[in-house]
Structures are given as structure tokens and as C-alpha cells.
Amino acid sequence: MVMTSSPTSRVVHLELHTGDLSGATAFYSQLLDWRNEQVDTASGSYQALGLGGDLGGGIVECGTPRPLWLPYVEVARIDTATDLARRLGASVLLEPREGPAGWRSVIATPEAGQIALWQQKGWR
């Protein structure tokens, strides 16, 4: 499939949710030579991944029953995008929440899966 126009919202970050942080980190480091770095924040630690290019990544250990890659898509306004997703039938799994670098929400539909909406700080 050939796309003729560029998307207005782009994927800016990929985050792996897993129940085995050390296993996932070792696997991707050995398989793809992805470098990781522990980042400590007020809300806990995070494994940042160097995926190459301008795409950021990370691994979060949580109680997920199976590993899940969650793409973060940049939006102009987190509140507007989250409200639109809700009107389109999405469940809001995480209401817009502020973090160190911006705001995020997580939405899901049975047809489209889960996606995180992301607004970088300085855009509000």
C-alpha cells in the first residue's frame, strides 16, 4: 500500500508492557542490539530504549497477562483527542494525565486495540 499524504498524527514512542522486565530487556538487547537505560522518576523507574532514529521507546513492568506494545501517537490537544475517541466509541483506559514531559491518555476499542494519545509539554 502506498500512502500519498503524510499523517497529521505520528507515532513518537513505543512502550512494551510486560510482566518480565529483565527478560524482555535481555531479549531485545541481544536480538536487535537495542540499548536500554534505567530512568528514575518520582513515580518509579522506567527502562528507556534506544530504537534508532527519532522514535523513542521503553519497557514497563506491570501485571499484564501477556506482553503488549503500546504506540504513543502525538496529538495537538490531549483533551480534544481523548473526547473524540470517546465519541467514536473508544473506552478511555487512562484519562489524560500529566507526566514529566507531557500529557497522555490511553484508549481502546475491540476493533482497533489500544493506543496512547500524547501531547508534548509546551503545546497547551
Side-chain angles (χ1 to χ4, degrees):
M1 172 189 288
V2 176
M3 303 288 287
T4 57
S5 63
S6 62
T8 57
S9 299
R10 64 187 181 97
V11 174
V12 294
H13 186 82
L14 288 175
E15 189 172 87
L16 176 63
H17 293 207
T18 180
D20 184 359
L21 177 67
S22 61
T25 301
F27 176 78
Y28 285 116
S29 175
Q30 293 173 27
L31 178 68
L32 303 172
D33 200 28
W34 287 353
R35 299 293 170 224
N36 64 79
E37 174 184 349
Q38 182 167 323
V39 176
D40 294 313
T41 68
S43 59
S45 64
Y46 182 80
Q47 285 291 324
L49 285 178
L51 301 179
D54 63 351
L55 181 64
I59 302 177
V60 175
E61 188 167 45
C62 59
T64 185
R66 64 179 184 83
L68 166 77
W69 280 101
L70 183 66
Y72 279 59
V73 177
E74 189 174 58
V75 296
R77 292 195 49 101
I78 192 72
D79 51 353
T80 303
T82 304
D83 288 343
L84 176 58
R86 188 180 279 116
R87 288 194 312 272
L88 292 172
S91 297
V92 178
L93 305 178
L94 179 69
E95 291 288 343
R97 176 184 295 176
E98 184 176 3
W103 292 266
R104 71 179 171 134
S105 66
V106 178
I107 60 163
T109 71
E111 307 82 12
Q114 294 183 19
I115 193 166
L117 303 175
W118 169 256
Q119 178 186 335
Q120 186 173 347
K121 283 194 174 174
W123 288 18
R124 270 198 163 166

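Among residue pairs with one or both ends in residues 81-93, those qualifying as salt bridge (charged side-chain N to carboxylate O under 4.0 Å, His left out) are D83-R86, R86-E95; sequence neighbours excluded. The salt bridge (charged side-chain N to carboxylate O under 4.0 Å, His left out) contacts involving residues 45-55 comprise R10-D54, where partners must be two or more places apart or lie in separate chains.
Listed by chain and residue number, S9, V11, I115 satisfy the side-chain contact (heavy atoms from CB on, under 4.5 Å) test with V73 (two or more places apart in sequence, or in another chain). With sequence neighbours excluded, the residues satisfying ring pair (Phe, Tyr, Trp, His ring centres under 6.0 Å) with H13 are Y72. Under the side-chain contact (heavy atoms from CB on, under 4.5 Å) criterion, R66 pairs with no residue, sequence neighbours left out. Every residue was checked against the side-chain hydrogen bond (donor to acceptor under 3.5 Å, both in side chains) condition with Q114, not counting sequence neighbours, and none meets it. For E37, the side-chain contact (heavy atoms from CB on, under 4.5 Å) test picks out no residue, with sequence neighbours left out. In this structure, the side-chain hydrogen bond (donor to acceptor under 3.5 Å, both in side chains) partners of D33, at least two apart in sequence or on a different chain, are R35. Listed by chain and number, the residues in a side-chain hydrogen bond (donor to acceptor under 3.5 Å, both in side chains) with R97 amount to none (sequence neighbours excluded). Partners of S91 under the side-chain hydrogen bond (donor to acceptor under 3.5 Å, both in side chains) rule, at least two apart in sequence or in another chain, do not exist in this structure.
With rounding to the nearest 0.5 angstrom, the CH2 atom of W118 is 8.5 Å from the CZ atom of R104. In this structure, L70 CG and L16 CG are separated by 10.0 Å, a value rounded to the nearest 0.5 Å. Between the CG atom in L117 and the OG1 atom in T82 there is a gap of 5.0 Å [rounded to 0.5 Å]. Annotation: the span from I78 atom CD1 to S105 atom OG amounts to 3.5 Å, rounded to 0.5 Å. Taken to the nearest 0.5 Å, the CG atom of L68 stands 6.5 Å off from the NE2 atom of H17.
No donor-acceptor distance shorter than 3.5 angstrom exists from the side chain of K121 to the backbone of E98, with no hydrogens or angles considered.
Here the shortest heavy-atom pairing between T64 and G19 reads CG2-N, 4.0 Å. The two residues Y46 and I59 make their nearest non-hydrogen contact at CD1-O, 4.1 Å. For the pair L51 and G57, the tightest heavy-atom approach, listed with the atom from each and the gap, is CD1-CA, 3.7 Å. Residues A90 and I107 share a closest heavy-atom pair of CB-CB, 4.2 Å.
Cluster note: L84 groups with L88 through ILVMFWY side-chain heavy atoms spaced under 4.5 Å, whether in direct contact or through intervening members.
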Show me the donor-acceptor pairs within less than 3.5 Å that the side chains of residues 21-31 make with the rest of the protein, sequence neighbours left out.
residue : atom : partner : partner atom : Å
S22     : OG   : D20     : OD1          : 3.4
T25     : OG1  : L21     : O            : 2.8
Y28     : OH   : W69     : NE1          : 3.4

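Counting only heavy atoms from C-beta outward, the side chains of Q120 and E74 approach each other to under 4.5 Å.
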